[in-house]
Amino acid sequence: MNWHPLADLSAYLDGELTLQERKVVEQHLAGCERCRLEMEMLGGMKASLRGLGMLTPERALLPTPAVHPGESMTAYLDGELDPLAALGVEAHIEACPNCARELKALHKTRSALRGLPWLEEPKLDAITPGALRAPRRDAMLQGRQNCGVRQDTVASLSTQSPMRPMRHSASQRRHSVLLAVAAAVVVVIGFVGVTVPNGIEPKVQPDLRGFASNHASFAPSPDGVSGAATAVAFYQQP
Amino acid sequence: MTEQAVPTWEDIARTHGRFLFTVAYRLTGNRDDAYDLVQETLLRVHKGLRSYTPGSLEGWLSRITTNVFLDSVRAKKRRPTSALPEGNPESVLPPSHGADVAYASATLGQDIQAALNALPEEFRVAVVMCDVAGLPYQEISYALGVPVGTVRSRIHRGRHMLREMLTRGEQLA
């Protein structure tokens, strides 16, 4: 037997041959040991492949729509989520009015931020020594202009009266005068204390009688007179 | 005659997730690539649901999965990053455990997967669609855009090559 229907054996196994093709193969198999072995091998291979069974993924294949996206919503808004996660957020938003509102609010905030005007850089060649000595308020106003403050606000600030020198109140002036007078008095007294001669200092008379009566012994002496009486008599001498 | 409803995207992921993951794993040979393949497939499913006409859902999903897989294989071939083990089955087959029949051993699943990984993609896809996804030749032909005769030939040759690789691995052990 020179011809073998090898290419048809798998299709025969899979039931993919026409009736006529199947008859031809069956007739051949009946008389060909080699093709029967081949058929057995292919059948075993097919059974093994089918027997591998189903696998279970260990992690979710889709983001869970039940979970609120939270921070992912901003990333979704910015197109920074991977496409599948983005679809998960969309699925959640369709079913969750709170998250839909939050997304809308985030979108508005982002639009407001993105709508801010571009700033003009300050003109450096316009800065002169005179401009540097300008009052602080003028510099501040200039800064506000450069920072995009509304021009009408700047104009209203500009129409206020110009800056004047600082003035003190009447009470402040009175305090200053009193302080000056007190300082002058202190200086004069000090000057007099330093320059007065020692001779005119008043003479101090000690109270010898009181001292003797306080400190002398009141015990009687052998002659019967107390120490105190003796001391008082002594100090009473002229 | 009852009219079949078009499933939602979430329904498909829930009810056919295991099927998709299994087909993806058999095609890619590792879990990370399988997850990537499933996710890309689900994206295409989401885009294509509007045009889906109720019929063989698993056939439709298998078609998308294999097309995504073949697209990624073509893309990798355009920018190869590592040497492919293709054509050298000994280098990818794990050591056999000396069972009398190769495809009856306890490690058969790993052996067969390693042999599948070593098959050229066109044969691997045909065999996986037939023996893992359980699709008829006509549907595989439609999915791959090749005649039914080509599908028949690829499946036969694919099984034959697998068997040879497994037998060779057995002899080397």
Side-chain angles (χ1 to χ4, degrees), chain A residues 4-18 21-22 24-25 34-67 79 81-96, chain B residues 8-10 12-14 16-26 31 34-35 38-43 46-47 101-105 108-113 115-116 126-128 130-132 134 136-138 140 148-149 151-164 166-167:
Chain A
H4 300 279
L6 293 175
D8 290 337
L9 293 181
S10 277
Y12 177 79
L13 270 176
D14 294 330
E16 293 279 350
L17 293 181
T18 61
E21 287 170 330
R22 201 161 59 234
V24 171
V25 170
R34 180 189 165 192
C35 283
R36 278 202 299 275
L37 286 173
E38 180 76 7
M39 185 74 163
E40 196 178 319
M41 178 275 294
L42 289 171
M45 198 69 252
K46 177 182 166 75
S48 298
L49 286 164
R50 294 221 161 164
L52 287 176
M54 299 285 272
L55 300 172
T56 304
E58 289 138 357
R59 54 179 193 252
L61 299 174
L62 286 182
T64 314
V67 177
L81 283 186
D82 66 76
L84 205 65
L87 289 174
V89 171
E90 283 170 9
H92 179 87
I93 286 168
E94 276 180 24
C96 178
Chain B
T8 66
W9 185 52
E10 290 82 12
I12 289 173
R14 191 174 56 250
H16 290 79
R18 285 187 71 200
F19 173 81
L20 280 174
F21 184 72
T22 303
V23 171
Y25 183 84
R26 297 298 172 217
R31 288 189 174 264
Y35 277 113
V38 170
Q39 298 219 325
E40 184 59 32
T41 301
L42 285 171
L43 279 176
H46 186 264
K47 287 177 193 164
V101 183
Y103 41 79
S105 69
L108 182 62
Q110 293 173 27
D111 290 351
I112 293 178
Q113 184 62 56
L116 270 174
V127 169
V128 167
C130 177
D131 290 332
V132 177
Y137 286 11
Q138 187 66 46
I140 299 171
V148 174
V151 171
R152 185 189 292 193
S153 168
R154 284 182 185 177
I155 290 172
H156 175 73
R157 289 179 63 194
R159 283 179 184 157
H160 198 86
M161 278 190 270
L162 282 177
R163 195 259 182 180
E164 281 190 347
L166 290 168
T167 308

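Every value quoted in this text rests on a predicted model; they were computed, and no experiment measured them.
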Student: When you check the gap from the basic side-chain N to the acidic O, do Asp131(B) and Arg26(B) get nearer than 4.0 Å?
Tutor: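 Not counted as a salt bridge, because no side-chain N and carboxylate O are separated by less than 4.0 Å.
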Student: Could you check whether Arg152(B) pairs with Asp14(A) (Lys NZ or Arg NE/NH1/NH2 to Asp/Glu carboxylate O, under 4.0 Å)?
Tutor: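 Answer for the salt bridge query: no.
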Student: At a 4.5 Å cut-off on heavy atoms, which part of Leu116(B) comes close to chain A: side chain, backbone, both, or neither?
Tutor: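 Only the side chain of Leu116(B) comes within 4.5 Å of chain A.
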Student: What residue in Ala11(A), Ala47(A), Pro57(A) has the most heavy-atom pairs under 4.5 Å with chain B?
Tutor: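 Most pairs with chain B among the choices: Pro57(A).
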Student: Using side-chain contact (heavy atoms from CB on, under 4.5 Å) as the criterion, list what pairs up with Arg14(B), not counting sequence neighbours.
Tutor: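 Arg14(B) satisfies side-chain contact (heavy atoms from CB on, under 4.5 Å) with Asp11(B) only.
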Student: What part of Glu58(A) is in contact with chain B, defined as an atom under 4.5 angstrom from a non-hydrogen atom: side chain, backbone, both or neither?
Tutor: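 Interface part for Glu58(A): both.
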Student: Measure distances from Val23(B) to the heavy atoms of chain A and classify the residue's part below 4.5 Å as side chain, backbone, both or neither.
Tutor: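 Neither part.
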Student: Pick whichever of Asp8(A), Leu13(A), Leu84(A) has the most heavy-atom pairs under 4.5 Å with chain B.
Tutor: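 It is Leu84(A).
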Student: Is the backbone N or O of Leu6(A) less than 3.5 Å from a side-chain atom of His156(B), with the two atoms forming a donor-acceptor pair by type?
Tutor: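 Yes; at least one donor-acceptor contact below 3.5 Å.
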Student: So, using salt bridge (charged side-chain N to carboxylate O under 4.0 Å, His left out) as the criterion, who are the partners of Arg22(A) when residues are at least two apart?
Tutor: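 Scan of Arg22(A) (salt bridge (charged side-chain N to carboxylate O under 4.0 Å, His left out), adjacent residues dropped) gives none.
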